Colleague: 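Submitted below is the structure of interest, expressed as structure tokens.
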Amino acid sequence: MQRKLTFLCNTDSVDQSAEAMPQPAPQAQNARQKFENRISDEGRFAAYARGRVGHFAARQVLTLLGALILWVLVSPQIGLLALALALLGEAVDCLTLWVLIKRRSFGRGARIVSTGTAAVQALSIAACVWIGWHATAGPEARFFAVAYLCGAIINASLVFPYNRRATEARLVIYILVIAVLFALDGLQGRGGRGQLVFDSLATLLLLYMAYSFVSFVLRSYTKRIKMEREMLEGQERLDRSYQTLRAREREARHLAMVAANANDSVIVTDRAGHIEYVNASFTRVTGYTVEEALGRTPAELLNGPNTDTEAIEAILNARRTHEPVRLELINRTKFGKDIWVETNITPMMDSDGNVVGEVAIERDITQAKQREQELAAAKTAAEEGARAKAQFLAMISHEIRTPLNGIIGMSDVMLSGPLDPEHRGNLQTILASGEGLLTIINDILDLSKLEAGKMEIDQLPFDLRAELQAALDLVRPLANEKGLSLSVDVSGLPEGRILGDPGRVRQVFLNLMGNAIKFTRAGAVSLRAAVDTGAAPPRVTLAVQDTGIGIPADRLDQIFDAFAQADSATTRDFGGTGLGLAISRQLTQQMGGDITVTSVPGKGSCFTMEFVTGLDVMQPVEVSPRICADDEADLPASLRLLIADDNRTNRLLLAKLLSPLKDGMRFAKDGVEAVEAFAADVPDLILMDMSMPRCDGLEATRRIRALEASRCTNAPVPIIALTANAFASDRERCLAAGMDGFLTKPIRRNDLLRTIARATRDSAIAPDNAAQPPPRHSAAV
Ligand code: ADP
């Protein structure tokens, strides 16, 4: 029985896939829950208790009948006694159950109590049977006992599925009482041997009857529960299917709504590519009505002469491979207008994975495309503008440098000769003004390069101490002139070279040093240089301190802006353009550092330049004595020079600058003349202007190198570019054409003599003033 009962709580039969399915509706879930509660131990016991209490009256029919029989068979007193006993037993049982119901107490303890009260109730019935048995000795007593107990057994068995222990207690008592009564009869020898056999058989029959009836009740109950469970499960399945159906229907409705109201065109085609559905946006964008579209292919309707064939090919390819595809292409509307669309085509599959059609979602991107094209045009225009600006600057720079070459060069020439003091002073003013103008041009070129992001910072090994020393040599005369003391502390610099851009470091340092001297009327300017080798990468710090006019706190930030000065009187009192610090800061930032400033008005300022570097400790420092141009200015009188320049002033200037070589100089007015002059008589050195009519300096150089190659010349003639083009790219073009050096105009006498002297001494000429930009404060040199 225990085994059979276990199915009641068996959850194996519950559909395990239910989790993956939609949850049944709450009603179905409630019903299921109620059912599970009902068939639980507590649920069944509750039903038992309620049934016993509820059917109390009906059960008393049997009690009354028994009492009546005893009344008639024995005596009214015995009948009443039996009735009282039976009612007492029932009362104990039912009252207990009633209390348990009231307390809603259906747990294990309650069940044990109910087993006890069931036993009490069964004992009261047993007592009635015992009394009837002994009150009359006739066969009717036997009949009464068996019949009465049969009724009680049936009654007890009916509730077996609900309270097994109570039923078992009752059945044991009923069977025992009859067995004991029969046994006692047998012992007393009543009825003889035949009676004993008969009694034994009757007891067994009763036992069998009890067993069969309990089995029958249990089977019926089990069957009913099983059916009920199946019914509930069926209900749940139905419920789930219904929910799924509802969800799908809702989804389909939403999708239909989305498709119908989408801003994008939606096109659904069948397996053969014919349109089955289009939404309202399709009509709005393409002009084709639903009726016009149905049954046609999208290609028939929308491809035009401007539709990209590659895009069509990509769509066909995706269709062949059943892949989704997303691309942009031109569609032609019903009214012949070309529009740009972004299309997303996805194959639709049935449950077996067979393609049943396609869905295409198309977005009109004509406006976005137009904007894209406008933006591209604007970008091209901006780039064009930047290029034009750069060209303009290069051109202006070139054009200004050419006359400056005359002004500065001629001043140089005249200053090197005898002059009375007044003329010398005037000439020095002309020279200083020319060089001031040159500084401005250089600054503007630098600024435009920095702003265009075209400024390149070299990473070369160089000796920072030597570089600083050279720069200090340039500014020392100025400091001396103003009576300022110049102190230098480079003890924090390592022995050996560092990596960086020596020209740009010198440019920034000279700017800071030049400013410090310029804005200090009395006192001192000091430099402290150090490298923090502990930092990774190492950092160089150059701190330039002065005891000058200082800068108000509210101007400290602005002075780094282009064309900004601390106050409007600065230009009047000290000169300058306000470009130097803007350029210096940007250059330093490109070197991975920055310039910072602290200042106290009236007391002085400290500008600190910090930049990252690498250490080139592997290579020993090359001890290259600084060339003093005047030391090397003695050119061999026999030197034969070929000078190619289309500008008369430049030719005149060069003739004057190189007057000691007068007889050895030949001039060419353009590249063609230069090549002819070279072919006629190979000179010791050529000074070659870059821009010349007929054939420019680059082409002339290439032809000369070609001639040398055809003549198998062992020592090619050194060619030095003389040019007003100051860009590094110009220098590279010159070197690529076969030149050996590069001098930018305006040409300074010392630079020129030094370069020629080195070139003639050493055929491998190192360009001199080209590697580094001219110093901004060269006027002070
Ligand atoms: P410039 O010197 O040509 O005016 P800069 O950009 O080099 O341009 O400097 C901008 C301004 O910063 C200067 O005009 C000056 O007002 C202020 N300044 C720079 N250095 C110093 C300094 N050492 N002492 C005081 N003021 C300075």
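Start at 1 and go down the list; that is how both ligands and their atoms are numbered. Heavy-atom basis, side chains included; hydrogens, waters and symmetry copies ignored. Because the structure is predicted, anything quoted here is derived from the model rather than measured.
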Colleague: Spell out, as yes or no, whether a donor-acceptor pair under 3.5 Å connects the side chain of Arg465 to the backbone of Leu493.
Modeller: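 Answer holds: yes.
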Colleague: Report the part of Val544 (side chain from C-beta onward, or backbone N, CA, C, O) that has a heavy atom under 4.0 Å from ligand 1; answer both or neither where that applies.
Modeller: neither
Colleague: Whether Asp689 and Arg651 form a salt bridge (side-chain N of Lys/Arg under 4.0 Å from carboxylate O of Asp/Glu) is what I want to check.
Modeller: no
Colleague: With a 6.0 Å cut-off (strictly less than), is the heavy-atom count around NZ of Lys603, excluding the residue itself, greater than 12?
Modeller: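 Not buried by this count: 12 neighbours or fewer within 6.0 Å.
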Colleague: Before you tell me yes or no, could you show the steps for Arg539 and Asp594 under salt bridge (charged side-chain N to carboxylate O under 4.0 Å, His left out), namely the whole-Å CA-CA distance, both residues' side-chain angles and the distance that decides it to 0.1 Å?
Modeller: CA-CA 11 Å; Arg539 297 183 83 81; Asp594 205 352; over 6 Å; no
Colleague: Just going by heavy-atom distances, which of Asn515, Val597, Leu579 is nearest to atom 19 (C) of ligand 1?
Modeller: Asn515
Colleague: Touching ligand 1 at all, Arg555? Heavy atoms, strictly under 4.0 Å?
Modeller: no
Colleague: So is Gly548 in contact with ligand 1, going by heavy-atom distances below 4.0 Å?
Modeller: no
Colleague: Is there a nitrogen or oxygen of Leu581 sitting under 3.5 Å from a nitrogen or oxygen of ligand 1?
Modeller: yes
Colleague: Indicate yes or no: does an N/O atom of Phe607 lie under 3.5 Å from an N/O atom of ligand 1?
Modeller: no
Colleague: Indicate yes or no: does an N/O atom of Gly580 lie under 3.5 Å from an N/O atom of ligand 1?
Modeller: yes
Colleague: Check ligand 1 against Gly578 and write out every atom of the ligand that is under 4.0 Å from a heavy-atom position of the residue.
Modeller: 1 (P), 3 (O), 4 (O), 6 (O), 8 (O)
Colleague: Within a distance under 4.0 Å of any heavy atom of Lys518, pick out the atoms of ligand 1 and give their elements.
Modeller: 1 (P), 2 (O), 3 (O)
Colleague: Asn405 pairs by side-chain hydrogen bond (donor to acceptor under 3.5 Å, both in side chains) with which of Asn647, Asn650, Asp645?
Modeller: Asn650
Colleague: Just by distance, no angles: are the side chains of Gln507 and Asn442 close enough, under 3.5 Å, to form a donor-acceptor pair?
Modeller: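 Their side chains do not contain a donor-acceptor pair, so the 3.5 Å distance test is not met.
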